[in-house]
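One structure is given here, and the rest of the page talks about it.
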Amino acid sequence: MGYFTAGNNKAMLLLVSCVAMCDSYFEKVRAELYLQGMLGHWSRRDVWSCRQQLAGQMQRPVSSLSLSPSVKVKLAGAGFQFTAELLQFTPAQLRAETALSQEEALEVLQAVRTGGGEEGAGAPLTALELLLQEEDFQSIMTFSSQLDDALGGGLPVGRMTEICGAPGVGKTQLCLQLSVNVQVPQCFGGLEGQVIYIDTEGSFLLQRVVDIADAAVRHCSLLVEDDEQRAAVTTFSVETVLSNIFLVRCRDYVELLAELHLLPGFLLEHPRVRLLVIDSVAFPFRQLFDELSQRTRLLNSLAQQLIAIATTHHVGVVITNQMTTRVRGSQSQLVPALGESWGHASSIRLLLHWQGCQQLATILKSPGHMEADIQYQITSAGFRDTSQSEQPQSKRPRTHSDQSAATQRDTSC
Amino acid sequence: MDWDQLQLGPRITAAVRRAELKSFRDVLCATGLDLQRLTGLSHSDIQQLLIAAAATFRRRPPVTALQLQRGECRSLESGLRLSVGCPVLDQLLRGGLHVGGITELAGESGAGKTQLALQLCLSVQYPAQHGGLSSGALYICTEDSFPIKRLQQLISGQSSLRSDVPPTLTSSLQFSDHVYIEHAADLDSLHLCLSRRAPLLLAQGLVRLLVVDSVAALFRSEFQADDWLERNKQLLTFSSRLHHLSWEFTTPVLCINQVTDVFNQSDNSLVPSSSSVSPALGLAWANQVMVRLLMRRLQATIYRSNESSTLRRLEVVFAPHLARDGQAAAVWREGVRGVLNSD
């Protein structure tokens with residue numbers, strides 16, 4: 001049922017009737033033909049698209065099910081090609097037909113009925129539905145109004161965002177700020193979520209978290225306007241902020257990979273978690289890898305896992321990356337580390353860098369936002385707008401070094 | 001490999017044994033498809049296996065920051081800081097050096113880097129209530145010979161530098177017995193020292209501060225300019241050793257670094273362009289450092305009854321918990337002290 005695109009109402013109608021009328025694939029086809037005759041006002045195209053969809057559902061190759069290879073071989077050996085052929089079998093019958101054991105036969109039939117039980121193999125959606133869904137998705141504000149504007153409200157939940165930058169430019173500060181901001185009560189426009197923070201560099205320092213949390217709590221208490229907000233502020237204290245930050249410290253890449261396997265379980269137990277931070281991915285993966293191909297492979301599967309976590313658990317994933325120098329001939333430039341293929345992993349890539357005495361956040365990559373340079377500063381309270389950044393860009397004094405830096409950045413984009 | 005400890009079904013355990021996987025590490029580093037092929041297990045079985053193997057690597061379930069604050073998880077947040085030995089400078093560093101991670105102290109020659117490092121070797125020996133870690137220090141020299149005379153001078157000046165500590169305590173500490181000195185003239189002996197002798201001293205509790213003076217000397221001298229790939233590799237090996245020691249024994253690590261002049265201001269997305277010098281060894285090293293401090297020599301001179309000292313400035317370049325700030329300081333007979341504006 002769920003297989004049909006909900007936009008195609010005619011197809012829905014047809015399948016509803018089909019399912020009501022029969023239970024085997026062949027009967028379904030007969031029913032379809034019958035309906036084709038009955039629903040004379042349908043265009044050929046309607047019927048064709050229905051047939052395609054029916055076939056798509058029922059003619060899934062057995063080899064695409066997530067079964068062990070030996071089972072697949074046995075099924076293929078017995079002549080089964082499509083899942084539809086297995087539907088009407090009982091376990092005992094299947095055993096008789098193939099060389100499967102009782103357990104394996106049960107597993108096969110269960111896989112066929114649940115559509116393989118694959119995670120994320122949800123129903124296809126129309127673009128309209130996706131749009132509506134995306135509007136429901138909230139974003140985590142950064143507390144820099146300019147960066148929030150450029151990103152359409154903040155860093156999106158359900159996606160992966162990468163923050164790159166040289167040491168000391170404010171990557172960790174932004175991560176800590178987001179960890180606090182994700183907890184802002186809903187009546188202040190926040191998510192009231194929790195955060196899991198995976199620290200690989202040892203840079204999660206409690207002193208600093210307390211600073212940022214304290215500033216955020218005070219900021220919210222100044223904004224109180226109505227009773228609802230007054231009530232929310234009483235529970236939004238530094239202590240509750242700290243109790244909603246879950247910290248994991250990983251010392252090498254194996255521990256990081258292990259933690260990611262355990263995360264889905266943790267997220268099921270803690271459904272309020274809306275943000276996963278890994279600060280940084282680069283640190284464990286840039287140490288002592290003799291074989292770069294192995295590193296690339298592990299990073300790819302890590303990216304897959306993170307994307308799966310982001311979408312299935314409705315969690316914003318924020319990771320940090322270091323910068324490295326790439327030498328091309330006689331020219332050298334700064335690029336995010338971990339190689340080219342890693343660049344595809346995240347949907348949004350933010351670069352934090354210095355330009356003169358100003359700190360700039362540049363959106364390097366994003367499917368939905370313009371490339372933009374936003375000035376920010378790190379204050380004792382955390383990640384903020386710069387106070388003089390209200391003035392128009394053209395009025396900023398431009399020095400020679402400013403310009404050369406700008407041209408250099410253009411080439412690196 | 002003891003696969004039984006994973007508490008998986010006998011079917012999965014048997015399949016894993018047959019597949020001759022050597023360790024839990026191998027399981028985690030292989031892809032799901034590889035594992036299916038090797039073991040002949042189904043997708044869901046492999047998931048079970050991965051989760052069970054992953055659990056063996058987890059030291060503890062996620063802890064909340066509140067638990068850290070309440071001191072319920074000492075191994076992650078000990079709450080300890082290593083005092084510099086001067087309340088003014090400690091204030092700049094919010095209590096002193098952090099006990100986990102690498103702190104770098106960079107500066108031109110004569111800026112007072114070694115002075116501050118020596119002072120830390122003494123201050124680590126005080127008990128925790130006086131900002132120390134009640135243990136000794138390991139001082140690895142790569143540049144010069146160890147300034148033993150200056151250390152003696154500092155020890156005799158401790159009573160006047162640390163007026164906050166009861167004099168009986170200061171006099172009861174045998175400072176010079178607890179500073180272990182290593183000379184490493186080349187990279188090989190440095191690696192040997194860090195992989196053999198340092199863990200031994202740390203494990204016995206004789207030492208709880210590691211000073212490398214300086215990191216730049218070896219890495220700058222042993223490699224040619226076009227050897228930078230090999231140099232970066234060696235740097236990473238070295239820094240991951242330091243990280244490991246620091247985490248394993250919750251020990252502060254202080255690395256002294258030289259500086260290079262920045263001529264080309266176009267390379268300024270790395271550092272704010274106000275600074276004319278930057279610490280040596282480039283980005284590969286900077287990525288490994290948690291706290292970066294810079295010591296500068298200023299043009300002014302400061303006088304005290306019968307002494308004079310060039311004014312210096314200790315600056316925080318970056319640190320996760322510190323603001324970019326600086327503090328004037330001077331090197332006196334008894335050690336490095338912060339200079340307040342009113343002085």
Side-chain angles (χ1 to χ4, degrees), chain A residues 66-71 107 117 166-169 172-173 196 201-210 239 241-249 251 254-255 257-259 261-262 265-266 282-283 286-288 294 297-298 301 322-325 334 353-357 380 401 404-405 408-409, chain B residues 25 28-29 31-32 36-37 39-45 50-51 53-59 61-69 76-77 79 94 98 100-101 236-237 240 243-244 246-247 265-266 268-274 282-284 286-287 289-290 292 317-321 323-324:
Chain A
S66 69
L67 294 167
S68 71
S70 62
V71 174
E107 201 179 351
V169 77
T172 302
Q173 304 298 320
I196 177 153
E201 298 195 351
S203 54
F204 181 93
L205 295 188
L206 196 60
Q207 254 178 336
R208 187 62 187 146
V209 183
V210 173
E239 211 158 81
V241 169
L242 293 184
S243 69
N244 286 328
I245 300 177
F246 295 92
L247 176 71
V248 182
R249 199 158 279 172
R251 299 184 187 185
V254 183
E255 281 188 30
L257 292 175
E259 196 54 48
H261 282 297
L262 301 173
F266 179 84
F283 191 79
R286 293 186 77 192
Q287 292 182 339
L288 312 175
Q294 153 121 350
R297 191 172 58 68
L298 287 176
S301 73
Q322 300 173 344
M323 302 296 280
T324 188
T325 316
L334 283 180
H353 58 112
W354 289 98
Q355 193 184 89
C357 288
S380 58
S401 66
S404 61
Q408 191 203 19
R409 206 185 50 255
Chain B
R25 204 185 171 87
L28 286 176
C29 290
T31 60
Q36 283 198 24
R37 195 168 41 75
T39 57
L41 291 168
S42 73
H43 182 72
S44 57
D45 291 337
L50 280 172
I51 288 171
T56 62
F57 280 93
R58 194 184 230 183
R59 285 158 207 268
V63 289
T64 66
L66 190 64
Q67 284 172 292
L68 289 188
Q69 199 191 29
L76 280 187
E77 172 68 49
R94 294 182 83 173
H98 207 267
L236 275 181
T237 320
S240 58
H243 275 291
H244 178 76
S246 176
W247 275 340
Q265 286 288 329
S266 68
N268 64 357
S269 60
L270 269 183
V271 286
S273 63
S274 57
L283 199 51
N287 278 327
V289 172
M290 184 170 84
R292 171 168 272 182
V317 181
F318 62 75
H321 62 309
R324 291 174 59 85

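Chain letters run A, B, ... following the sequence lines, proteins first and then strands; every chain starts at 1. The analysis underlying the following values was restricted to heavy atoms, covering all of them including side chains, and did not include hydrogens, waters or symmetry mates.
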Which atoms of [X] come close to chain B, meaning under 4.5 Å heavy atom to heavy atom: side chain ones, backbone ones, both, or neither?
X: Val254(A); answer: both
X: Ser301(A); answer: neither
X: Ser380(A); answer: neither
X: Glu239(A); answer: both
X: Val71(A); answer: neither
X: Ile196(A); answer: side chain

Using a cut-off of under 4.5 Å for heavy-atom pairs, which of Val248(A), Leu247(A), Val210(A) has the most such pairs with chain B?
Leu247(A)
Taking all non-hydrogen atoms of both residues, which atom of [X] and which atom of [Y] are closest, and how far apart?
X: Pro62(B); Y: Phe246(A); answer: CB-CB, 3.9 Å
X: Cys29(B); Y: Gln294(A); answer: CB-NE2, 4.1 Å
X: Gly202(A); Y: Trp247(B); answer: N-CZ2, 3.7 Å

Portion of [X] that has a non-hydrogen atom of chain A nearer than 4.5 angstrom:
X: His243(B); value: side chain
X: Ala323(B); value: neither
X: Leu28(B); value: both
X: Ala319(B); value: backbone

I'd like to know which of Val289(B), Leu50(B), Asp45(B), Thr39(B) tops the heavy-atom pair count under 4.5 Å against chain A.
Leu50(B)
Are Glu255(A) and Arg59(B) close enough, and set up right, to give a salt bridge (charged side-chain N to carboxylate O under 4.0 Å, His left out), and what steps lead you there?
CA-CA 9 Å; Glu255(A) 281 188 30; Arg59(B) 285 158 207 268; 2.5 Å; yes
When you measure from the side chain of [X] to the backbone N and O of [Y], does any donor-acceptor pair fall under 3.5 Å?
X: Gln173(A); Y: Pro320(B); result: yes
X: Arg94(B); Y: Arg208(A); result: no
X: Asn287(B); Y: Phe283(A); result: no

Quick check for you: to the nearest 0.5 Å, what is the distance between [X] atom [atom1] and [Y] atom [atom2]?
X: Ile245(A); Y: Gln67(B); atom1: CD1; atom2: CD; value: 12.5 Å
X: His321(B); Y: Thr172(A); atom1: NE2; atom2: OG1; value: 12.5 Å
X: Leu262(A); Y: Phe57(B); atom1: CG; atom2: CZ; value: 11.0 Å
X: Ser42(B); Y: Glu107(A); atom1: OG; atom2: CD; value: 4.0 Å

Is there side-chain contact between [X] and [Y], with at least one heavy-atom pair below 4.5 Å?
X: Leu334(A); Y: Leu283(B); answer: yes
X: Thr64(B); Y: Leu242(A); answer: no
X: Arg58(B); Y: Glu259(A); answer: yes
X: Phe204(A); Y: Leu68(B); answer: yes
X: Arg292(B); Y: Pro167(A); answer: no

